[in-house]
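One structure below.
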Amino acid sequence: MSFPLLTATAALPAIGAIATAAVPAARRTVAKWLALAVSLATLVLAGIVFARFEPGGERYQLTESHAWIKDFGVRYELGVDGIGVALLALTALLIPFVILAGWHDADPLETNSSRWRPTQGFFALILMVEAMVILSFVATDVFLFYILFEAMLIPMYFLIGGFGDRAHAGSDENAAAQRSYAAVKFLLYNLAGGLIMLAAVIGLYVVAGSFSLSEIAEARANGSLDMATSTERWLFLGFFFAFAVKAPLWPLHTWLPNAMGEATTPVAVLITAVVDKVGTFAMLCFCLQLFPEASKWATPVILVLALISIIYGALLAVGQRDIKRLIAYASISHFGFIVLGIFAMTSQGQSGATLYMVNHGISTAALMLVAGFLITRRGSRLIADYGGVQKVAPLLAGTFLIGGLATLSLPGLAPFVSEFLVLVGAFSAYPVVGIIATVGIVLAALYVLVLYQRTMTGPVREGIGGMPDLRVRELAVALPLIAMLIFLGVFPKPLTEVVDPAVRHTMHDVQKQDPQPEVEAAK
């Protein structure tokens, strides 16, 4: 039997989480270095997966299949396609930066803390989330995916509720109440979506007799699976609702600003750059593959919801006074672009949506983590408490600017390529939708540039004068992310050549072809 590379890639952070949690309470530094080493080793394995993946080969590669719950037809079945391998690489890439950025975020505030393990727990939970997210990107059994989809909520709940943003350190009771509210809201929203999805998962098994994506696809191809139109639509809605909550798509988005605002900055990055990608990934790889006709039926409504997310999220970002909540609402707008690209049902749109997932993860991580360094120095998330930072901390201001420019999709930076493809794909199929979506670009420029102007330029405000610039550890977080944004902005081929064949499979699933340009049609 060949080496189970996908299982090893997910098992390593899970084992690392257990080992990190077991480190004695007084050895916090050991726990940090252990978690970082495990995340880097996972990145190496993810790099091997990416290198071994053949873009022109089978749809699902490096497959593993073992009986799990025989009586119910549930299998431990793994396989990675071009979309999954890109997001697996993104997850493994970001976790070391999340750990480095949160190096001191979970250190106990008490002097005598030898009895407690808050630091060990913090990093162990991050590694556990990494393991579950990686497995969710490679699971090809629907029931296995559902288990992972729900299980990742548990460590995320404790990360949000148990380790709060220390910008609130001056009012401990109020901060604890807000953290608890944000964590419970996150959990309830996602559990509600998961319960509805569970009903749909059971319904799918009743209809198809299997949880395996490959078996269901084969049954569709040979005509042995004849799903009634109404049944397919109801099942699609059950799956899509859960994914729209996770994504998050308007109007199921309201948990995100609370969760990102109250969590530590690294956990906020974990939420929006890693965990939320599971929702959009599943829309593309599960909804469209399992329910192609229902996906086309629901497209008009979903496109409207995506447009609302784009404009609504951007407008609320413009009016925010809190830095972290501004970035949260900007992410809602960006997820609207991703959903728009998926359901435009064009190869450009779906390739752009997949690239958007990757590029948004990197750009949001860069901007949010540098913003976290800024907030840690000042002890405030309010934009009004800043001004003139570029005069006292030019490296911090410069990296913040590049992260912001990537967020508004400046040409030459990675998000531009993905946003351009999404808009081209949307416009070629739905011109009016594409035109309206471009308003989000204008609003993005507004909220990013206004944020930079109010925090980094102008006279140096009180409390800013003695602010230190980025330290070595912080530069080790910011500079590689910026380098990746520039590299993928000028040379996206390493991603596009992996993603495009997978998108062609998805287009075949829904039996859609790209619209022909009118000029060619006229000839």
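If you read the sequence from its start, that first residue is 1, and numbering goes on from there.
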For R471 and E474, the nearest pair of non-hydrogen atoms, with its separation, is N-OE1, 2.8 Å
Y452 atom OH, over 12 foreign heavy atoms within 6.0 Å:
yes
Can you list every pair that meets ring pair (Phe, Tyr, Trp, His ring centres under 6.0 Å) and has a residue in residues 468-498, with sequence neighbours left out?
F487-F491
Determine whether more than 12 heavy atoms belonging to other residues, nucleotides or ligands lie under 6.0 Å from atom CH2 of W33.
no
Any chance you could lay out the side-chain contact (heavy atoms from CB on, under 4.5 Å) test for L159 and F122, step after step, and finish with the verdict?
CA-CA 7 Å; L159 283 170; F122 180 74; 3.8 Å; yes
Rounded distance (nearest 0.5 Å) linking atom CD of Q348 with atom CG of L355:
12.0 Å
Do I95 and T42 have side chains that approach each other closer than 4.5 Å (heavy atoms only, starting at C-beta)?
no
Between CZ of R454 and CD1 of I323, what distance do you get to the nearest 0.5 Å?
11.5 Å
Please confirm whether the backbone N or O of E150 pairs with a side-chain atom of N190, one donor and one acceptor, at under 3.5 Å?
no
Pair listing, ring pair (Phe, Tyr, Trp, His ring centres under 6.0 Å) test, anchored in residues 358-412, at least two apart
H334-H360, F335-H360
For residues V267 and M156, determine if any side-chain heavy atom of one lies less than 4.5 Å from a side-chain heavy atom of the other.
yes
Please list every donor-acceptor pair under 3.5 Å in which a side-chain atom of residues 241-257 meets a protein atom from a residue at least two apart or in another chain.
unit_1, atom_1, unit_2, atom_2, d
K246, NZ, F149, O, 3.3
H253, NE2, Y312, OH, 3.4
T254, OG1, Y189, OH, 2.7
W255, NE1, V245, O, 3.0
W255, NE1, L252, O, 3.4

F50 CZ: over 12 foreign heavy atoms closer than 6.0 Å:
yes
Return the CG to CG distance between L45 and L40, rounded to the nearest 0.5 Å.
11.5 Å
Search all heavy atoms of I383 against all heavy atoms of L326 and return the closest pair with its distance.
CD1-CD1, 4.1 Å
Would you check if the side chain of R381 reaches a backbone N or O of G261 as a donor-acceptor pair within less than 3.5 Å?
yes
Keeping R461 on the side-chain end and G388 on the backbone end, is there a donor-acceptor pair under 3.5 Å?
no
Taking C-beta and beyond as the side chain, do V422 and I338 meet within less than 4.5 Å on heavy atoms?
no
Determine whether V417 and L495 make a side-chain contact, defined as any pair of heavy atoms from C-beta on separated by less than 4.5 Å.
no
What are the two closest non-hydrogen atoms of I310 and G336, and how far apart are they?
CG1-C, 3.6 Å
Atom CG of L187 and atom CZ of F158: how far apart are they, to the nearest 0.5 Å?
9.0 Å
For L485 and S363, what are the C-alpha separation, side-chain angles and deciding distance, and is it a side-chain contact (heavy atoms from CB on, under 4.5 Å)?
CA-CA 7 Å; L485 288 173; S363 63; 3.9 Å; yes
What is the minimum heavy-atom distance between V392 and P394, and which atoms define it?
C-CD, 3.7 Å
So, taking the atom named NZ in K277 and the one named OG1 in T354, what distance separates them when rounded to the nearest 0.5 Å?
12.0 Å
Could you go through L90 and M357, starting from their C-alpha distance and side-chain angles, then the distance that decides it, and tell me whether this counts as side-chain contact (heavy atoms from CB on, under 4.5 Å)?
CA-CA 9 Å; L90 170 70; M357 293 184 224; 5.6 Å; no
Determine whether a donor-acceptor pair (N or O, by modelled atom type, separation under 3.5 Å) exists between the side chain of R473 and the backbone of L100.
yes
Heavy atoms of other groups near E497 CD, more than 12 under 6.0 Å:
yes
With side-chain contact (heavy atoms from CB on, under 4.5 Å) as the criterion, how do L413 and I486 come out once you've worked through the C-alpha distance, each side chain's angles and the decisive distance to 0.1 Å?
CA-CA 5 Å; L413 297 175; I486 296 171; 3.8 Å; yes
Nearest-0.5 Å distance, CG of residue L475 to CG of residue L396
9.5 Å
Determine, using ring centers only, whether F145 and F286 are less than 6.0 Å apart.
yes
Nearest heavy atoms of D105 and T265, plus distance in Å:
OD2-N, 4.5 Å
Is R378 atom CZ crowded by more than 12 heavy atoms from other residues, nucleotides or ligands, each under 6.0 Å away?
yes
Between L127 and I99, is there a side-chain heavy-atom distance shorter than 4.5 Å?
yes
Got K324 and M368 here, is their nearest side-chain heavy-atom distance under 4.5 Å?
yes
Donor-acceptor under 3.5 Å (D81 side chain, A502 main chain):
no
With distance as the sole criterion, is a donor-acceptor pair present between the side chains of T364 and T272 under 3.5 Å?
no
Is it the case that the side chain of S333 and the backbone of Y329 share a donor-acceptor pair, with hydrogens and angles ignored and the cut-off at 3.5 Å?
no
Does this structure show an ion pair linking K185 with E262, if we count only N-O contacts that are shorter than 4.0 Å?
no
Note: L36 and P96 closest approach over all heavy atoms is CD1-O, 3.9 Å
With side chains defined as the heavy atoms from C-beta onward, is the minimum distance between L94 and L481 less than 4.5 Å?
yes
Heavy-atom side-chain proximity of E130 to V133 below 4.5 angstrom
no
